[in-house]
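The analysis underlying the following values was restricted to heavy atoms, covering all of them including side chains, and did not include hydrogens, waters or symmetry mates. We name chains A, B, ... by the order of the sequence lines, and we start the count at 1 in each one.
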Amino acid sequence: MSKPSLARGTRDFGPEQMAKRNFIFETVRRSFQRYGFLPLETPAFENLSVLMGKYGDEGDQLLFKILNSGDFTSKLEDKDYTEGYKPLTSKISEKGLRYDLTVPFARYVVMNRGTLAMPFKRYQIQPVWRADRPQRGRYREFYQCDADVVGTDSLLCEAEIVNLLHDILPALGISDFTVKINNRKVLTGIADVIGAGGMEGPLCVAIDKLDKIGKEKVVEELAERGFSSDSITMLDPIFSLSNSEKPFEALRNWLSGSEIGLKGIEELEEVWKMVGLLGLVNPKIEFDVTLARGLSYYTGAIFEVKANNVQIGSISGGGRYDNLTGTFGVPGISGVGISLGVDRIYDVMEELNLFPENQTTSTKVMISNFDKEAFEFGLSLLPKFRKAGINAEMYPDSVKLKKQLDYADRKNIAFVVLIGSDEIQSGKLTLKNMKTGEQQKLSIEEIIPLLS
RNA sequence: GAGGUUGUAGCUCAGUCGGUUAGAGCGCUAGAUUGUGGUUCUAGAGGUCGCGGGUUCGAGACCCGUCUCCCUCCCCA
């Protein structure tokens, strides 16, 4: 016997939390479907050959690996124990838990590309696992809600994602948010014009932290990462650009020497234009040249959504990637997607008190259990309630009424039908309103329309 | 992966310098009330002091290890 405990970084979700989480899931699902995304589910675990090498060295370490079943030591030799854990891991583990929804999606697209109607739009709402160190708002098991379009490089997809976000978030009650947008090509262009071509990776990691650690620290970090002081000086416009009146014009002047940078600006303007054509009024979109997102596979638009006036920062992120399926041998499939973080959205909604009331009420009416005769009479009523679409239950044991009412009270059951010998004889049941305490004598035919 | 921090009843937490039988509030169970919940009153149950080792006549307290919560960094949703 040992005390039960939760595995590190995991959580239970009780009935109350589940009501709220399901509200989020259903709202998100409805919106995804309204934009033509089709559902997809993939297995919780994949072959490690699918997962490894897709998230960088750090990502490989954060993969939960599944030990081979059976006698996994039988094929090992003495030297396997001394050569370190990395070569050993590949000999005793062949499967791992999914780390995100994008890579399994890419695998699915490659395996089914002959049968999919392209462009393919899919949504996927499933848990993912990371062997990370848990912190506030960060768990080892959490849900992602992804929607991606692959097989087209039309910027309509980007504009639709903006619209989609303006659909989902207000439907959840989150009306004060900002969709920050940037373009990876702009960042590449910046690296070019400051004479640090090819270094946009470290550049992104550093400037992405601007709002968190401030300009000085970013400059410090850039120097550490090997940027020359000339480059850093030339980077100066970045700190003021997003605040300027016409950022795209200023940016165009700055990046006039970089073809790819200019292409990025063009794409941004196109997205803005199409968002307008889709008729979105007062779009909450904002160009942010310092938005970089560390993920290296983005090649075009980058999104991040912030809920305003709350502690919790980003609740959603995404972008365009040109070579999603390249590592599986099928190059040239472009895609763009968005991922919503359910746990953070939950926290934001909790903090702003946005969940609708009465999410937890499951039973509308409970039938009391006074004695054997009343119990049997009550059983005949139960299906009548249920057929009328009223959530109903019968208290299973003949215990004191006090206990039964206490149960109904704690479970937030709105009505209790009390049945004793009087009620059985007259057919007039006692309907008790648990909120007001009121009681009235009514027939079952009168009660049902009252509760439905 | 690096650093810091926490752990005592179901929950939130007291527990003095190392000293007798480890406490409170809330919750729980029963009764006051044999057909009536929430309020009130009374009584009761409930503890491997995270786990393992050590120091000591004596450890909830001190030391070491380990696990866990939370926080910072790295990274991320």
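Across B:G23 and B:A14, the matching C1' atoms stand 7 Å from one another, rounded to whole Å. For the P atoms, the distance from B:U6 to B:C64 is 14 Å, rounded to whole Å. Spacing of P atoms, B:C71 relative to B:U12, comes out at 15 Å, to the nearest Å. Separation of the P atoms belonging to B:U39 and B:G46 is 26 Å when rounded to the nearest angstrom. Going from the P atom of B:C73 to that of B:C11 covers 31 Å, rounded to whole Å. Between the C1' atoms of B:A45 and B:C62, the separation comes to 34 Å (whole Å). For the P atoms, the distance linking B:G1 with B:G47 amounts to 37 Å, nearest Å. Rounded to whole Å, the separation between the P atoms of B:G15 and B:A61 comes to 15 Å.
Protein atom CG of A:Asp132 is 13 Å distant from nucleotide atom P of B:C71, rounded to whole Å. Counting to the nearest Å, the C1' atom of B:U34 and the CG atom of A:Leu418 are 16 Å from each other. Rounded to an integer number of Å, the gap from NZ of A:Lys217 to C1' of B:U72 is 12 Å. Here the P atom of nucleotide B:G35 and the CD1 atom of A:Ile419 are 16 Å apart, to the nearest Å. Here the C1' atom of nucleotide B:G35 and the CG atom of A:Asp397 are 17 Å apart, to the nearest Å. If you measure from atom CZ of A:Arg140 to atom P of B:C76, you get 18 Å, rounded to the nearest angstrom. What separates CH2 of A:Trp129 from C1' of B:C75 is a distance of 20 Å, to the nearest Å. Look at CD1 on A:Ile413: it is 15 Å from C1' on B:G38, rounded to the nearest Å.
Across all strands, A:Glu423 comes closer than 4.0 Å to base atoms (heavy-atom distances). In this structure, A:Gly9 reaches the sugar-phosphate backbone alone: every heavy-atom distance under 4.0 Å involves primed, P, OP1 or OP2 atoms, never a base. Across all strands, A:Gln404 comes closer than 4.0 Å to no nucleic acid atom at all (heavy-atom distances). Counting non-hydrogen atoms under 4.0 angstrom, A:Gly59 reaches nothing in the nucleic acid. A:Gly317 comes within 4.0 angstrom of no nucleic acid atom, judged by non-hydrogen atoms across all strands. Here A:Tyr407 lies out of heavy-atom contact (under 4.0 Å) with every strand.
Taking CD1 of A:Ile285 as the start and CZ of A:Phe177 as the end, the distance is 10.5 Å to the nearest 0.5 Å. Taking CG from A:Leu155 and CD1 from A:Ile161, the interatomic distance works out to 11.0 Å, rounded to the nearest 0.5 Å.
The shortest distance between the side-chain N/O atoms of A:Lys209 and the OP1/OP2 oxygens of B:C74 is below 4.0 Å. Contact annotation: A:Arg410 side-chain N/O to B:G37 OP1/OP2 distance is not under 4.0 Å. Note on A:Arg130: every side-chain N or O is 4.0 Å or more away from OP1 and OP2 of B:C74.
B:C28: Watson-Crick or G-U partner is B:G44, with both key distances under 3.5 Å. Using N1 to N3 plus N6-O4 or O6-N4 for Watson-Crick, or N1-O2 and O6-N3 for G-U wobble, each under 3.5 Å, B:A14 pairs with nothing. B:G65 is paired with B:C51 under the Watson-Crick or G-U wobble criterion, all donor-acceptor distances under 3.5 Å.
Residue A:Glu46 is tested with A:Arg107, A:Lys95, A:Lys54 for a salt bridge (Lys or Arg N to Asp or Glu O under 4.0 Å); the sole match is A:Arg107. Considering A:Leu418, A:Ile367, A:Ile447 as possible partners of A:Leu429, the one that fulfils the side chain to side chain contact (heavy atoms under 4.5 Å, CB included) test is A:Ile447. Tested against A:Glu423, the residues A:Lys428, A:Lys432, A:Lys441 include a single salt bridge (Lys or Arg N to Asp or Glu O under 4.0 Å) partner, A:Lys441.
The base of B:C70 is not paired with the side chain of A:Arg138 by any donor and acceptor separated by under 3.5 Å.
Listed nucleotides: B:C76, B:A30, B:G1. Nearest to the side chain of A:Lys400: B:A30. Listed nucleotides: B:U68, B:G35, B:C75. Nearest to the side chain of A:Thr430: B:G35. Side-chain proximity of A:Lys432 to B:A77, B:U36, B:C75: nearest is B:U36. Nearest nucleotide to the side chain of A:Gln135, out of B:G35, B:C71, B:G37: B:C71. Side-chain proximity of A:Asp422 to B:G37, B:G35, B:U68: nearest is B:G35. Nearest nucleotide to the side chain of A:Arg133, out of B:G35, B:C69, B:C71: B:C71. Distance from the side chain of A:Gln144 is smallest to B:A77 among B:C75, B:A77, B:C71. The listed nucleotides are B:G3, B:C76, B:C75; the one nearest the side chain of A:Arg344 is B:C76. The side chain of A:Leu401 lies closest to B:G35, out of B:G37, B:G35, B:C71. The A:Lys402 side chain lies nearest to B:A32 when the options are B:C75, B:A2, B:A32.
Remark: the backbone N or O of A:Phe328 is not paired with any side-chain donor or acceptor of A:Thr325 at under 3.5 angstrom. Of the possible polar contacts, none joining the A:Asn182 side chain to the A:Ala292 backbone as a donor-acceptor pair under 3.5 Å is found. Under the 3.5 Å distance criterion, the side-chain polar atoms of A:Asn47 are left unmatched by any main-chain donor or acceptor of A:Ser49.
The residue among A:Ser314 and A:Thr10 whose nearest nucleotide of RNA chain B lies closer to the 5′ end is A:Thr10. Closest-nucleotide positions on RNA chain B for A:Asp409 and A:Ser316 were compared, and the one nearer the 5' end corresponds to A:Asp409.
Both geometric conditions, a ring-centre gap below 5.5 Å and a plane tilt below 30°, are fulfilled for A:Phe142 over the base of B:A77.
A salt bridge is absent between A:Asp153 and A:Arg320; no separation between the charged side-chain nitrogens and carboxylate oxygens falls under 4.0 Å.
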